[in-house]
Amino acid sequence: MALSGFPEWLPPQRMIEQAVIDRARRVFELYGFSPLETRSVEPLDTLLKKGETSKEVYLLRRLQADSDDVSDSTLGLHFDLTVPFARYVLEHAGKLQFPFRRYQIQKCWRGERPQEGRYREFLQADIDIVDRDTLPSHYEAELPLIIADVLSGLPVPPIRIQVNNRKVLAGFYRGLGVEDTEAAVRAVDKLDKIGPDGVTKELASIGVSEKQAELALRLAEISTPDGSFVDLVQKLGVKDDLLDEGLAELSNVVETARAHAPGLCYAELKIARGLDYYTGTVYETQMLGYEKAGSICSGGRYDNLASSGKDRFPGVGISIGISRMLGLLFGQNALTVSRDVPTCVVIALAAEQDRPAANLTAAKLRARGIATEVAPSAAKFGKQIKYAERRGIPFVWFAGADGSDTVKDIRSGEQVPAAAETWLPAEGDLVPVIGGSFG
RNA sequence: GUGGUCGUAGCUCAGCUGGUAGAGCACCCGGUUGUGGUCCGGGAUGUCGCGGGUUCGAGUCCCGUCGAUCACCCCA
């Protein structure tokens with residue numbers, strides 16, 4: 001029985017997902033991130049420590065647990081990989097080298113209403129860099145480039161990473177004289193949905209004057225693929241130290257990206273999203289052609305998430321929402337895999353008593369890295385070929401008398417002499433290849 | 001968590017105002033007696049998402065539930 005929000009893919013889809021995981025892992029390690037896995041559960045108070053964030057946390061309880069027990073030590077499934085990581089850093093700080101770069105590819109859980117690309121159980125590929133006491137802001141410029149590296153090696157649509165900085169927003173509103181900057185940010189964030197008039201109304205309800213609202217909207221309209229947004233902001237005439245700090249950081253991120261990957265990053269001054277522990281840079285990522293589906297890769301800088309007493313570990317991180325990205329693309333049938341199974345070769349069986357010999361041949365092929373299975377039964381050869389064909393397996397192997405084996409490429413029909421000790425499939429046939437089509 | 005739409009064979013869908021289920025593709029068998037894909041002939045297929053209710057009778061109406069999806073919320 002299907003459970004809402006807990007998707008289960010078919011093997012071809014899982015092969016695609018694994019290819020994405022493999023790619024992410026390879027690239028993350030190429031950039032020097034260490035592998036890490038944290039437990040699936042955290043104490044509830046750890047999960048909720050920073051702000052009211054998610055009330056959608058799943059709790060873990062024993063069947064026999066006392067129903068009156070609502071202590072803070074209740075366990076909850078993590079809803080992202082950043083909060084558990086922050087906890088992990090504090091706990092193992094003595095054994096870690098800083099700055100510490102790690103990647104984590106794991107399931108997360110949120111009890112939200114599912115939709116296409118939104119699940120209750122989903123896979124995230126997360127990278128973070130934390131340092132002790134202070135964290136240079138050049139890391140904030142590095143992360144988008146790594147994400148682009150991962151995704152550009154996969155058959156997915158081109159992406160645009162929208163970057164903003166909470167200091168810009170908070171500083172701007174402060175300089176403007178707005179008291180509740182958080183509420184203002186939330187209101188302006190709805191610009192696309194409720195329009196300028198709607199935002200003005202919502203701002204008015206928290207005591208923002210019309211003049212202030214107008215400037216806030218002018219700020220939100222700013223979007224540039226380079227550092228030119230700084231001038232545009234300054235022309236609005238708002239003065240604030242925090243604002244200047246944010247502008248410098250944001251400019252650095254966008255300009256760095258422009259130098260390495262033009263068109264990848266935009267300074268997008270209306271975005272404010274992400275969990276509420278972010279304190280500076282925030283990222284949000286759209287797949288071109290899938291903008292309405294929301295961000296498939298988000299993150300940001302957090303200065304206060306991992307701190308205890310006088311120890312402070314500021315960090316910056318970003319997560320690829322693998323399940324969301326794939327769910328959206330699967331929904332459009334935009335991803336393909338060259339076969340439904342890993343098998344490259346099926347060894348045909350003329351008679352059941354040939355199975356031991358076939359197993360030997362299979363073992364020789366497998367020893368050289370060629371995925372091989374022996375036919376399920378000694379049916380007519382036509383049926384055995386069909387067995388392979390239905391699964392997209394490219395080759396059928398026929399044993400000949402006194403070692404004169406042949407292998408048939410069932411796509412072309414070409415059948416050639418082959419020896420299990422030496423034969424190799426074409427490079428593109430060795431393992432399933434994933435592909436994509438999108439407009 | 002709130003509200004809307006949808007749910008018929010493996011897939012895409014048809015089934016008029018309620019009379020007890022169909023097509024195409026796919027699949028299986030045979031023609032082709034151990035080398036498939038074309039062609040021809042034949043064949044099987046469904047708890048009509050699930051559970052209640054109304055009715056002489058429900059795929060068709062009502063309620064609930066589960067699932068998918070959309071909007072809100074939130075966000076990967």
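Chain naming here is simple, since letters A, B, ... match the order of the sequence lines and numbering starts at 1 in each.
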Heavy-atom side-chain proximity of A:Leu335 to A:Phe330 below 4.5 angstrom: yes
Give none if B:rA26 has no partner; otherwise give the nucleotide forming a Watson-Crick or G-U wobble pair with it, both distances under 3.5 Å. none
Among B:rC73, B:rA76, B:rG30, the one nearest A:Ser298 by side-chain distance: B:rA76
Sort out the partner of B:rG59 for me: Watson-Crick or G-U wobble, both distances under 3.5 Å, none otherwise. none
Quick one: is B:rC28 close enough that its OP1 or OP2 comes under 4.0 Å of any side-chain N or O from A:Arg390? yes
Can you tell me if A:Ser295 touches the phosphate of B:rC75, counting only side-chain N or O atoms and a distance under 4.0 Å to OP1 or OP2? no
Is there a side-chain contact between A:Lys383 and the phosphate of B:rC28, meaning an N or O under 4.0 Å from OP1 or OP2? no
Can you work out whether A:Pro114 or A:Tyr119 has the more 5'-proximal nearest nucleotide on RNA chain B? A:Pro114
Does NZ or CZ of A:Arg102 fall inside the cone over A:Phe85's six-membered ring, less than 6.0 Å from its centre and within 45° of the axis? yes
Distance under 6.0 Å and angle within 45° of the ring axis: does A:Arg160 meet both against A:Tyr266? yes
Going by 5.5 Å between centroids and 30° between planes, is there a stack of A:Phe122 over B:rA76? yes
Counting only side-chain N and O atoms of A:Gln115, is one of them less than 4.0 Å from OP1 or OP2 of B:rA71? yes
Looking for any heavy atom pair under 4.0 Å, which part of the strands does A:Ala2 touch: base, sugar-phosphate only, or nothing? sugar-phosphate
Give A:Gly294 one of three labels, base, sugar-phosphate or nothing, depending on what nucleic acid heavy atoms sit under 4.0 Å from its own. nothing
Just N and O in the side chain of A:Ser4: are any of them under 4.0 Å from OP1 or OP2 of B:rC66? no
Salt bridge A:Arg411-A:Asp429, side-chain N to carboxylate O under 4.0 Å: yes
